[in-house]
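Note on naming: letters A, B, ... go to the chains in the order of the sequence lines (proteins, then strands), and numbering restarts at 1 for each one. Computed over heavy atoms, backbone and side chain alike; hydrogens, waters and symmetry mates excluded.
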Number of protein chains: 2
Amino acid sequence: MVHECKSKRTVETALEILVGKWKPVILFHLIDQGTLRFSELQRLIPDVTKKMLTTQLRELEYHDIINRKVYAQIPPKVEYSITEYGEGLKPVLLSMHEWGLTHLDHLDDLYGESQETIEK
Amino acid sequence: MVHECKSKRTVETALEILVGKWKPVILFHLIDQGTLRFSELQRLIPDVTKKMLTTQLRELEYHDIINRKVYAQIPPKVEYSITEYGEGLKPVLLSMHEWGLTHLDHLDDLYGESQETIEK
DNA sequence: CCGGATCCATTAGGATACTG
DNA sequence: CAGTATCCTAATGGATCCGG
């Protein structure tokens, strides 16, 4: 029985943090690598534009999920890492990952192997 | 180390299922109550319009997360329930809920008690 | 009672060019 | 290197009215 009071809000807030086209990938890389520079993230996520990468990073930073460390030097150097608080998201990401694994198989059952992904 | 191959996709697919303004609430009610009629869901979620409720239910149904059972009678009666497959989402929702609980507290620490929610 | 159809507002996402 | 600024498109959410 996980209901009533403010309970429903909780899932929404978690979603609010995670939702964003590039946020899960960013988090995975940061969790995996610990600390990464902006350019490294860009290299690891080839399809993201600088603007979008910046936007998503700023949103994660705003929610205190990642740290942004700026080195005052030329050329600039900015490093991103998961905050201690952000570490708390690991179980969430992990359970989503676990579910996603079986879901991809389930998709094959439902629609056959023909399609590449789920989107449209 | 949960990286490489198709792994990142898994989190995205999980998100894809859950994302939608009313989906978490719908799922919570269905998990909590078992089976609910359209009108009951509407009553439980006062702010949702019929169109939006329909849309979100259809998307969940499309992904095989909920069942839609139509009784051929006048007046119509339609019941929704979680599919067996959809049950697999429970751990995900639960971990998001757990995280959300501490997150709401963390929000108070960050910005004070002044604000009502996180949105905007 | 449970929708569908239409139209409109808001938001998320992106291409491109420029900058300290 | 790590971003902004501008402009644009696509997707999402919603108000309202119609229908079996």
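- The side chain to side chain contact (heavy atoms under 4.5 Å, CB included) test applied to A:Ser81 returns A:Thr35, A:Asn67, not counting sequence neighbours.
- Within the structure, every pair that satisfies the salt bridge (charged side-chain N to carboxylate O under 4.0 Å, His left out) test and touches residues 89-100 of chain A, not counting sequence neighbours, is listed here: A:Glu87-A:Lys90.
- Regarding B:Lys21, its NZ atom lies at a distance of 10 Å from the C1' atom of C:dT10, rounded to whole Å.
- Side-chain contact between B:Phe28 and A:Val11 is present, with heavy atoms from C-beta onward closer than 4.5 Å.
- Separating the CG atom of A:Leu18 from the P atom of C:dA12 is a distance of 15 Å, rounded to the nearest angstrom.
- Rounded to whole Å, the distance from NZ on B:Lys23 to P on D:dG13 is 7 Å.
- B:Ile82 and B:Gly86 get closest at one heavy-atom pair: CG2-C, 3.6 Å.
- Among residues at least two apart or in separate chains, salt bridge (charged side-chain N to carboxylate O under 4.0 Å, His left out) pairs with a member in residues 66-78 of chain B are B:Lys77-B:Glu79.
- Rounding to whole angstrom units, CG of residue A:Leu15 and C1' of C:dA12 are separated by 16 Å.
- The interatomic distance linking B:Gln56 (CD) with D:dG14 (C1') rounds to 11 Å, in whole Å.
- Between the CG atom of A:Leu36 and the P atom of D:dC1 there is a distance of 15 Å, given to the nearest Å.
- The nearest whole Å value for the distance from the CG atom in B:Asp47 to the P atom in D:dG13 is 15 Å.
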Grab the N/O contacts between the protein and nucleotides 2-6 of chain D below 3.5 Å, and write none if there aren't any.
residue : atom : partner : partner atom : Å
D:dA2   : OP1  : A:Arg37 : NE           : 3.0
D:dA2   : OP1  : A:Arg37 : NH2          : 3.0
D:dA2   : OP1  : A:Val78 : N            : 3.2
D:dA2   : OP2  : A:Ser39 : N            : 2.8
D:dA2   : OP2  : A:Ser39 : OG           : 2.7
D:dA2   : N6   : A:Lys50 : NZ           : 3.4
D:dG3   : OP1  : A:Arg58 : NH2          : 2.7
D:dG3   : OP1  : A:Arg68 : NE           : 3.3
D:dG3   : OP1  : A:Arg68 : NH2          : 2.3
D:dG3   : OP2  : A:Tyr80 : OH           : 2.7
D:dG3   : O6   : A:Lys50 : NZ           : 3.2
D:dT4   : OP1  : A:Arg58 : NH1          : 2.6

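- The only member of B:Thr83, B:Ile17, B:Leu89, B:Leu18 that meets side-chain contact (heavy atoms from CB on, under 4.5 Å) when paired with B:His63 is B:Ile17.
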Distance-only donor-acceptor pairs under 3.5 Å for side chains of residues 38-52 of chain B, two or more places apart:
residue : atom : partner : partner atom : Å
B:Glu40 : OE1  : B:Arg37 : N            : 2.7
B:Thr49 : OG1  : B:Met52 : N            : 3.2

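- With 3.5 Å as the limit, one finds a donor-acceptor pair spanning the side chains of B:Thr10 and A:His97.
- Salt bridge annotation for B:Glu61-B:Arg58: present, with a cationic side-chain nitrogen under 4.0 angstrom from a carboxylate oxygen.
- The bend of the helix from C:dC1-D:dG20 to C:dG20-D:dC1, defined by the angle between the axes of its first five and last five pairs, stands at 50° to the nearest 10°.
- A straight line from NZ of B:Lys69 to C1' of C:dC1 spans 18 Å, rounded to a whole angstrom.
- For B:Trp22 and D:dT12, the shortest distance from a side-chain N or O to OP1 or OP2 is not below 4.0 Å.
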